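What follows is a single structure, written as structure tokens, with notes after it.
No hydrogens, no waters, no symmetry mates; every other heavy atom, side chains included, goes into these values. In what follows, chains are A, B, ... by sequence order, proteins preceding strands, each numbered from 1. Worth saying up front: this structure is predicted, and the values here are computed from it rather than measured.
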There are 2 protein chains.
Amino acid sequence: MTLSIGDAAVQAGISIHTLHYYEREGLLQIERSSSGHRRYSSGDLEWIGILTCLRETGMPIRTMREFARLVQQDSSNIPQRIEILKTHRLEVLAHLKSLQHNLEHVEYKIDYYEKVLVQPMD
Amino acid sequence: MTLSIGDAAVQAGISIHTLHYYEREGLLQIERSSSGHRRYSSGDLEWIGILTCLRETGMPIRTMREFARLVQQDSSNIPQRIEILKTHRLEVLAHLKSLQHNLEHVEYKIDYYEKVLVQPMD
DNA sequence: ACTAGACCTGAAGCGTACTCAAGGTTTTAA
DNA sequence: TTAAAACCTTGAGTACGCTTCAGGTCTAGT
């Protein structure tokens, strides 16, 4: 069973244009029907899921391309794939920490304003 | 005591160009010396800290501009300021949740590859 | 007094990741 | 069978947030 690009886009929660773009950027290689229309296999969908996951955690396209290139080769480069993912993991953790820290600042500011509302300073 | 733009940029951990840009975008209004050079007060630095915090948590410039506009007015709009911050807080929380979820996916993938390394499937 | 370095303005340029347009072909449902 | 809807490609356009450039003025250290 394969899906059309429209259905694949809905499945992946991204736009058809983004799927085209990812293919142009070398992140994807999709089989075609005899007429040239793309057919997405369940393996394709799974891979798109990984791409989406990496993208949503802030990995730049060029790094995703590098990762995709490794995956498209044989399995001898699994250490390099792990390396990319581990580096990315650390970056995501750092980003999470920064977000949590800054979130506290925002919450402090909210509390401050709410106190001012209850007991105006003028 | 006031700081030059160079020192202020170092304090805030952002570039002089970004400070110029924020001023152009209406996020900042900085006093000038008689010759036209900017002088940053400690209040300015504090405000830049808030801007940086909002920016690093993903608030778009246009929303920051709206918030800045409210802060520049009188204190009668504190409820609107709280509204903006609370909305932003929810967005940051959603982003955090999404990141954490996707991070799990990345970690799962790392584990998967490490298992494959130990016990190749071919 | 001199000069290197910092600052000023206005405008143009850049990197990233999409997103849309145009003009043509294929599929699908009535 | 036919017409709307979906798909194709190439190439241009957009949104966002800076960042750099050019050409001039100001300041600070010696």
Considering just the side-chain nitrogens and oxygens of [X], establish if one lies under 4.0 Å of OP1 or OP2 belonging to [N].
| X | N | answer |
| --- | --- | --- |
| B:Y22 | D:dC18 | yes |
| A:R24 | D:dC8 | no |
| A:S4 | D:dC7 | yes |
| A:R38 | D:dC7 | no |
| B:H37 | D:dT27 | no |
| A:S33 | C:dT26 | no |
| B:R62 | D:dC16 | yes |
| A:T18 | C:dA17 | no |

Which nucleotide in [options] has an atom nearest any side-chain atom of [X]:
| X | options | result |
| --- | --- | --- |
| B:R55 | D:dG17, D:dT20, D:dC7 | D:dG17 |
| B:P60 | C:dT27, D:dG17, C:dA17 | D:dG17 |
| A:I5 | C:dT26, D:dC7, D:dT19 | D:dC7 |
| B:I16 | D:dT27, D:dT9, C:dC7 | C:dC7 |

Exercise. Closest approach of A:L70 and A:N77, non-hydrogen atoms and distance?
Worked result: O-ND2, 2.9 Å

For this session: Specify the closest pair of heavy atoms between B:S15 and B:A9, including all atoms of both residues, with the distance to one decimal.
Result: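 Where B:S15 meets B:A9 most closely, the heavy atoms are C-CB, 4.0 Å.
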
For this session: Evaluate the criterion side chain to side chain contact (heavy atoms under 4.5 Å, CB included) for residue pair A:R39 and A:S4; output intermediate values, then yes/no.
Result: CA-CA 5 Å; A:R39 301 306 318 178; A:S4 70; 4.1 Å; yes

Using whole Å, what does the distance between atom [atom2] of nucleotide [N] and atom [atom1] of [X] come to?
| X | N | atom1 | atom2 | result |
| --- | --- | --- | --- | --- |
| B:L54 | D:dG17 | CG | P | 13 Å |
| A:H17 | D:dT10 | NE2 | P | 16 Å |
| B:H20 | D:dT19 | NE2 | P | 14 Å |
| B:R65 | D:dC16 | CZ | C1' | 12 Å |
| B:I61 | D:dA15 | CD1 | C1' | 13 Å |
| B:L27 | D:dC16 | CG | C1' | 14 Å |
| A:L19 | D:dC8 | CG | C1' | 14 Å |
| B:Y21 | C:dA12 | OH | C1' | 15 Å |

For this session: On DNA chain D, check which nucleotide each of B:S35 and A:R32 is closest to and give me the residue with the more 5' one.
Result: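 Going by which nucleotide is closer to the 5' end, it is A:R32.
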
For this session: Flag this pair as yes if the NZ/CZ of B:K109 is under 6.0 angstrom from the six-membered ring centre of B:Y113 and inside a 45 degree cone about the axis; otherwise no.
Result: yes

Exercise. Mind checking whether B:R81 and B:Q73 have side chains closer than 4.5 Å, heavy atoms only?
Worked result: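 In short, these two side chains do not touch, never coming nearer than 4.5 Å.
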
For this session: Give one of base, sugar-phosphate or nothing for B:R39, where a contact means two heavy atoms less than 4.0 Å apart.
Result: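 No contact.
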
Exercise. Any chance the side chains of A:T57 and A:H88 put a donor and an acceptor closer than 3.5 Å?
Worked result: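 The answer is yes; a qualifying pair exists.
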
